[in-house]
Structure formats: C-alpha cells, structure tokens
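Input: a single structure, listed below in structure tokens.
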Amino acid sequence: MAREALADLIRHAATVAQTSGLLPKVALPEFSVEPPSRPEHGDYATNLAMRLARAARMAPNAIAQILVSSMPPNDMVATAEVAGAGFINITLKPEYLGHRIASIIEEAGHYGNNNQGGGRRIQVEFVSANPTERLHAASGRAASLGAALSNLLRASGWQVELEYYVNDAGSRLAAFGQSILARYLAARGHVGPETEVPKDGYHGTFIAEYAQTLAASVGERYELMPMADAVAELARNGAEHMVALHRADMEALGVHFDVWFREQALHDRNEVTAIVDELRNRGFVSERDGAVWFSSTALGDDRDNVLIRSNGTPGYMTSDIAYHRDKFVTRGFDQVIDIWGADHQGHVGRMKASMQAIGIDPDRLTIILHQLVVLRRGDEIVKLSKRTGNIIALSDVIEEVGKDACRFFFLARSSDSQMDFDLELATREAAENPVYYVQYSHARTASIMQLAEERRVAHLTVDGPPSYSHPAEIALVRALIRYPEVVADAATNLEPHRLTFLAQEVASLLNAFYRDCRVLPSDRQPVEDAVIAARLTLVAATRAVLAHVLGLIGVSAPERMDRLDRPE
RNA sequence: GCGCCCGUAGCUCAGGGGAUAGAGCGAUUGCCUCCGGAGCAAUAGGCCGUAGGUUCGAAUCCUACCGGGCGUACCA
C-alpha cells in the first residue's frame with residue numbers, strides 16, 4: 001500500500017537525519033500518513049514534524065524541512081513540501097501512479113485485499129433470532145452488517161465462518177409451543193381457556209396460520225396427546241418451521257451461513273451441565289436462595305448471574321457460556337465476533353467475564369453492538385412490540401425495497417448510530433438509494449469497455465505506464481490507489497459501513513471523469529491512442545474496484561441496467 | 001440512580017486530535033446533434049447540544065449539565 005511505503009520512507013528520512021545529527025536522537029512518535037484534507041495539497045500528508053516538535057525541542061517547520069531534505073532517493077515521491085503548521089505534503093510521481101493503476105487490472109478480483117488475518121480462524125455469529133417468530137425488519141441490519149464484515153475479514157486474510165445460533169431450547173420455546181397449541185385447539189373448534197394464548201406467549205398472526213394448516217393436516221393428533229407432550233412436539237416442529245423461514249429470509253438477502261448451530265445440541269451432549277461443573281471447579285459458583293449463581297462480580301461484573309434456577313432449570317446464560325466455550329475450545333476459533341442488538345448490552349460484560357472464568361482470554365471475543373432500528377411510517381413510529389404480532393417482517397421489506405438496496409441501506413450507517421427506517425420512504429428509497437448510483441457507475445464502465453471492443457480500440461498498447469494529468473483523472477486515480485487502505489482500515493476497526501461511503505466516492509469521481517475526459521474518440525472529438533489506452537486502463541481499474549467493493553457490501557455489480565426514462 | 005450509544009446543514013447521516021467541517025435526499029439555477037442524463041456543474045443552507053478544561057491545535061479527548069434511545073430479572 002502506498003501509505004505504508006511512504007511511512008517507511010519518512011521513517012528512513014528521520015533516521016538519516018538523526019544519524020547525521022540534524023535531528024536529536026529521540027524515539028519517533030506515532031504519526032499519520034493520510035490524504036490531506038484538500039486535494040491541491042497532494043496525494044498524502046504526514047504530521048510527523050509536528051508530533052516530533054516537543055521531544056526534539058525544535059519548531060515543526062524546521063523539522064519538516066530537515067525530513068524533506070533527508071528523504072532518500074525513491075521511485076514514489078515527486079515533491080515533498082512543508083506547509084501549514086508543519087505538515088509535509090507529498091505528491092507522487094506520475095509514473096508511479098500509472099504503474100499502480102495498471103497493476104489494479106492485473107490484480108483484478110483481489111486488488112484491495114490484504115493479509116491482516118494471516119490465515120487465522122474467525123467466527124462471525126449474527127442475527128441468531130429466536131425461532132419463535134418471523135424475522136423483523138431490524139434483523140436486516142444485523143444480517144447486512146455481519147455478512148459485510150465477514151466479507152471484509154475474508155478479504156483481509158482471515159479464515160471466516162458465518163454462524164447462526166438457534167435458541168431451540170429453554171423457556172421461551174415452551175411458551176411458543178403453548179401458543180401454537182392454543183391456536184391449534186381453536187382451529188379444531190375448541191372454545192374456552194385452552195384456546196387462549198398465554199400472556200407471555202406469541203400472538204403473531206403467523207402462529208394462527210401455522211396452527212390452522214396444522215389442524216387441517218394432522219387432524220386430532222394433538223388433542224389426543226398428553227398436553228406436555230403436545231406442547232413439546234409443537235414447539236420443536238414449530239421452531240423447525242420458523243428456522244426454515246429465517247433461512248429463506250437470509251437467502252433472499254443473499255446471506256449464507258456456514259453453520260446453523262442448535263442450542264439443543266449442547267444439552268444433548270451434556271455441555272450445559274458440564275459448564276456449571278467447570279465454573280464450580282474454578283471457584284466461580286455460589287449458591288443462595290435455592291439457585292446456583294455465576295460469581296461474575298468477582299470478575300468485575302455489576303451483578304451475579306443465575307446458572308441454575310431454584311426450579312432446577314438452567315438460566316439462559318448457562319447455555320450461552322457452554323456455547324462460547326464450544327466456539328473456542330471445541331472448534332478452536334482464534335477469534336469470535338458476536339453481533340448483538342443494543343438491547344443486549346448488559347450481557348456483554350457477563351459474557352466476557354464468563355470466558356475469563358473458564359480460562360479463555362476475553363479479548364478473543366469481540367461483541368459488536370448495533371443500535372436499534374426505529375421503524376416508522378412518516379411521522380408515526382411503528383412500535384416494535386416483541387411478542388404481540390403485527391411486526392414488519394424482514395421479508396416484506398426485502399420484497400418492497402429489493403435485496404441490493406436493503407443491503408446497502410442497512411450498511412450506510414455506523415452501527416453506533418440508531419437508524420430510522422421509514423417504511424413510507426422505502427419505495428422512494430428503492431428509486432433514490434445511492435446503491436443504484438454506484439451500480440449504474442459500474443454498468444457505465446462495463447458499457448465503455450464493451451464499446452471499446454466494438455470499435456477495436458480496446459487493446460491499444462503504448463510504451464511505458466499510462467499517464468494521467470487531468471484533475472478529474474488524478475482525483476479518480478488517487479481514490480483507486482487508496483482503496484486497499486480503506487479496506488484495511490475498515491477491517492481493523494470492524495466498520496464495514498466505510499465501504500458504502502467509499503463506493504459512492506469512487507462512483508462520483510468516475511462520473512466527473514466521464515464528463516470531463518473523453519475516453520473513446522468520436523467524429524467530433526479525436527483522442528490520441530496513448531490517451532485512449534490510458535483512460536481505458538483507468539476505466540477498467542475503476543470497474544475492478546467498484547466490483548470488489550460492491551462484492552464486499554453484498555450488492556450485485558451489474559454489467560448493464562435498464563434505462564429509466566424520466567418523465568419531463 | 002447507575003451503565004452503554006447518540007446529539008454535526010431543512011431531513012437521514014459520515015468525519016471521532018491537524019489545514020477552509022462533508023455526503024445523500026430536499027430547495028434554487030444551468031448543461032443532452034457525441035463514450036448510458038439513474039448523470040454533471042453551480043448556489044443557498046452550520047455558535048458541530050450547552051458550559052468549562054487539556055493541547056501548538058478540539059466537531060474529535062476529559063468533566064459537568066441538557067436532550068433522545070437502550071439496558072439495569074431466578075426473560076432471552
């Protein structure tokens with residue numbers, strides 16, 4: 001990456017200056033090499049001189065001057081100028097830029113990748129909604145975030161597995177089974193209390209529909225069964241039905257999980273009781289009020305957490321600890337990322353404490369909290385009532401807005417920001433979402449290259465690297481060269497939303513270039529062969545970058561798009 | 001009360017120690033005989049919630065306060 005190469009050069013210059021006595025021999029501080037805020041300041045700028053000023057007891061400008069004159073000869077830097085309060089503004093050599101752009105095409109498909117991960121194994125677990133109701137719109141955020149993050153990490157040299165955790169055990173499932181049974185009995189013509197969905201049950205219309213079809217297909221089966229057995233079987237089958245729907249929703253969003261992990265599997269293998277024993281052996285278990293507790297306060301958590309309730313059933317956290325032990329110990333992931341909604345924030349400290357308690361470095365577990373999605377229709381807030389139905393289903397949103405716009409929209413904000421999702425605007429978003437702007441730009445590059453083939457100018461060759469001098473060319477070239485740095489930073493910070501902004505920027509620069517710089521000759525505008533070749537190279541490189549970034553986001557990169565005829 | 005996130009243009013949001021704070025949408029105005037107008041260019045629109053502090057430098061870090069969201073269960 002250009003940035004890292006420049007940082008090396010600057011460090012080298014500092015060492016040279018220190019050896020020759022121009023600068024005092026103090027330790028080099030951290031410093032930045034970044035695109036300057038204003039393009040006329042060059043390709044990159046560094047603040048090293050300012051950072052060094054205090055320790056060196058010299059004026060930043062003087063240090064900067066020394067660094068510039070100490071810079072070793074190299075193939076990259078055309079000019080390095082001291083500016084402002086002590087910045088060094090660096091402009092790269094045109095030949096270097098040309099070579100880099102040409103190499104993007106050779107690396108197409110993997111240009112933008114890096115090897116931060118070094119082949120280490122990482123698991124990304126996300127969505128993991130209870131199999132007791134349809135996925136609601138907000139799950140689209142976790143899905144888009146998790147899928148893009150996974151792509152980003154894979155592009156950064158990690159070996160990535162995507163996982164969906166299915167809570168198919170526990171007390172919620174019992175309430176689910178009871179809810180189905182009540183609807184089923186009603187569908188079978190019963191009246192009376194047995195047809196009433198329990199207060200903490202599920203009231204969604206899909207359960208009534210499911211029970212309706214069940215009543216027709218299995219007849220009296222569950223009327224004849226002991227109630228406890230009926231509830232258990234209905235819960236199990238209902239959950240499977242729901243998981244299949246979740247899977248279909250994810251597929252509709254283009255999100256594919258490697259593993260659908262069942263909580264029940266942990267119970268079947270006695271790992272849930274085993275984890276209580278392990279915690280007890282390590283001295284993190286106490287008993288009071290007839291229940292068994294995880295002494296997480298001993299590890300800095302704000303309260304203890306129940307492992308076995310006084311009625312003898314395990315608490316929700318118990319299987320979660322066993323589950324995470326399975327990730328690290330049984331399956332041996334180096335790192336694990338969980339993506340949770342902000343309403344689970346209280347669970348973070350507990351989960352980390354539990355890993356520490358069983359001897360797993362809690363830093364191997366990263367929990368990303370995304371803020372919640374506020375659904376609205378215009379000014380009216382659509383209440384997200386968790387267990388009383390009439391939730392906006394994710395499948396409805398995908399159908400209305402489209403998969404690509406959904407993925408892009410949910411990723412267009414930082415996970416730290418609460419997100420407004422206006423259903424009234426959803427259709428309008430479908431037409432005005434910036435995703436189409438980016439896709440259109442990709443289609444435009446494809447179209448230009450197609451036309452170049454037809455006009456037999458696609459393979460013009462010229463000696464030496466392509467040369468770019470027009471401001472619109474330079475701006476685009478810079479963005480493409482910085483692309484791998486954006487990918488690397490997004491991966492380091494686990495912030496895939498940066499990609500959506502980068503994609504829009506590249507698309508915008510391409511369109512400005514397209515307007516100002518003729519690529520192919522026309523009757524009225526001849527273009528020299530060398531310029532055609534250079535510009536086609538730039539178009540192809542842009543296409544490679546747009547295709548790559550859209551791939552990371554999880555949005556298709558179409559060769560062509562149907563023209564929208566705008567009414568006057 | 002305590003904990004986490006947020007407060008930046010009319011709206012939705014980027015930027016999270018560095019030079020003159022940005023984008024999309026919305027508003028106004030130009031630009032299609034020529035590579036795709038789902039485009040381009042320009043204009044208007046900001047005490048970066050408030051008040052202190054740290055720093056050569058603060059939208060960015062710290063403290064307090066104000067406002068919004070979410071947690072704070074033997075629910076998950």
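In the text below, chain A, chain B and the rest are named by the order of the sequence lines, each starting its count at 1.
In this structure, A/Arg560 atom CZ and B/rG37 atom P are separated by 15 Å, rounded to whole Å. The interatomic distance linking A/Asp516 (CG) with B/rA42 (C1') rounds to 14 Å, in whole Å. What separates OH of A/Tyr436 from C1' of B/rG37 is a distance of 18 Å, to the nearest Å. In this structure, A/Arg543 atom CZ and B/rC35 atom C1' are separated by 15 Å, rounded to whole Å. Spacing between atom NE2 of A/His347 and atom P of B/rC75 amounts to 13 Å, rounded to whole angstrom units. Residue A/Arg515 contributes atom CZ, which lies 14 Å from atom C1' of B/rC34 at whole-angstrom precision. Per the geometry, OH belonging to A/Tyr514 stands 13 Å off P belonging to B/rG39, to the nearest Å. Rounding to whole angstrom units, CG of residue A/Leu502 and C1' of B/rA23 are separated by 13 Å.
In terms of polar N and O atoms assigned as donor or acceptor, the side chain of A/Arg524 comes within less than 3.5 Å of the base of B/rU33 in a complementary pairing. Applying the 3.5 Å distance criterion, the base of B/rA76 shares a donor-acceptor pair with the side chain of A/Tyr316.
Among pairs with a residue in residues 31-42 of chain A, those fulfilling side chain to side chain donor-acceptor pair (under 3.5 Å) read A/Ser32-A/Asn47, A/Arg38-A/Glu40, at least two apart in sequence or across chains. Each salt bridge (charged side-chain N to carboxylate O under 4.0 Å, His left out) pair with one or both residues in residues 49-59 of chain A, not counting sequence neighbours, would appear here, but there are none. Pairs of residues two or more places apart, or lying in two chains, that qualify as side chain to side chain donor-acceptor pair (under 3.5 Å) and include a residue from residues 488-497 of chain A are A/Arg3-A/Asp489, A/Gln116-A/Thr492, A/Glu495-A/Arg498.
Side chains of A/Asp416 and A/Gln371: a donor-acceptor N/O pair is absent below 3.5 angstrom, by distance only.
Under the 4.0 Å criterion applied to side-chain N and carboxylate O atoms, A/Glu163 and A/Lys327 are not assigned as salt-bridge partners. Taking 4.0 Å as the cut-off between side-chain N and carboxylate O, A/Arg444 and A/Glu559 do not count as a salt-bridged pair. Under a 4.0 Å N-O distance rule, the pair A/Arg350/A/Asp320 does not qualify as a salt bridge. We find that A/Lys352 and A/Asp301 are not joined by a salt bridge, their nearest charged nitrogen and carboxylate oxygen being 4.0 Å or further apart.
As rounded to the nearest Å, B/rC62 and B/rG17 have P atoms that lie 10 Å from one another. Rounded to whole Å, the separation between the C1' atoms of B/rG67 and B/rC61 comes to 22 Å. For the P atom pair drawn from B/rU12 and B/rG69, the interatomic distance equals 14 Å after rounding to whole Å. Here, B/rA59 and B/rA41 have their P atoms 29 Å apart, quoted to the whole Å. Comparing B/rU60 with B/rG16, their P atoms are spaced 13 Å from each other, to the whole Å. Between B/rG18 and B/rC75, the distance separating the two C1' atoms is 49 Å to the nearest Å. Across the C1' atoms, B/rA38 and B/rU33 are found 23 Å apart, a figure rounded to whole Å. To the nearest whole angstrom, the two P atoms, one in B/rG7 and one in B/rG26, are 24 Å apart.
Screening A/Met449, A/Arg455, A/Glu454 against A/Leu520 for a side-chain contact (heavy atoms from CB on, under 4.5 Å) leaves a single residue, A/Arg455.
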inquiry  = Walk along nucleotides 6-19 of chain B from 5' to 3' and tag each nucleotide B, S or - by protein heavy-atom contact under 4.0 Å, base first, then sugar-phosphate.
reply    = S-----SSSS--BB

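Toward the 5′ end of RNA chain B lies the nearest nucleotide of A/Arg54, the other residue of the pair A/Arg54 and A/Gly346 mapping further downstream. Between A/Leu520 and A/Arg288, the one whose closest nucleotide on RNA chain B sits nearer the 5' end is A/Leu520.
Using a 4.0 Å heavy-atom cutoff across all strands shown, A/Ala291 reaches at least one base atom of the nucleic acid. Contact annotation for A/Asn305: no contact, since no heavy-atom pair falls under 4.0 Å across all strands.
Residue A/Ser171 places its side chain closer to B/rC75 than to any other of B/rU20, B/rG36, B/rC75. When distances are taken from the side chain of A/Asn511 to each of B/rC70, B/rC40, B/rG36, the shortest belongs to B/rC40. In the set B/rC75, B/rC74, B/rC35, B/rC75 carries the atom at the smallest distance from any side-chain atom of A/Arg172. Residue A/Arg444 places its side chain closer to B/rG39 than to any other of B/rC75, B/rG71, B/rG39. Taking the side chain of A/Glu432 as heavy atoms from C-beta on, and the options B/rC25, B/rC35, B/rC40, the nearest nucleotide is B/rC25. Of the candidates B/rC35, B/rC74, B/rC56, the closest approach to any side-chain atom of A/Val306 belongs to B/rC74.
Taking the ring centre of A/Tyr44 as origin, the terminal cationic atom of A/Arg482 falls inside the region bounded by 6.0 Å and 45° from the ring axis.
Phosphate contact (OP1/OP2 of B/rG36, side-chain N/O of A/Ser447, threshold under 4.0 Å): present. OP1 or OP2 of B/rC40 has at least one side-chain nitrogen or oxygen of A/Tyr437 nearer than 4.0 Å.
Using a 4.5 Å heavy-atom cutoff, the side chains of A/Asn433 and A/Tyr436 are in contact.
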request  = State the dot-bracket string of RNA chain B. Criteria: Watson-Crick or G-U wobble, both atom distances under 3.5 angstrom; notation: ( ) intrastrand, [ ] crossing earlier pairs, | interstrand, . unpaired.
outcome  = (((((((..((((....[...)))).(((((.......))))).....(((((..]....))))))))))))....

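B/rC32 adopts a syn glycosidic conformation, its chi angle falling within 90° of 0.
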Show me the donor-acceptor pairs, under 3.5 Å and distance only, between side chains in residues 529-538 of chain A and residues at least two apart or in other chains.
residue	atom	partner	partner atom	Å
A/Arg535	NE	A/Glu473	OE2	2.8
A/Arg535	NH1	A/Arg518	O	2.8
A/Thr537	OG1	A/Ala533	O	2.8

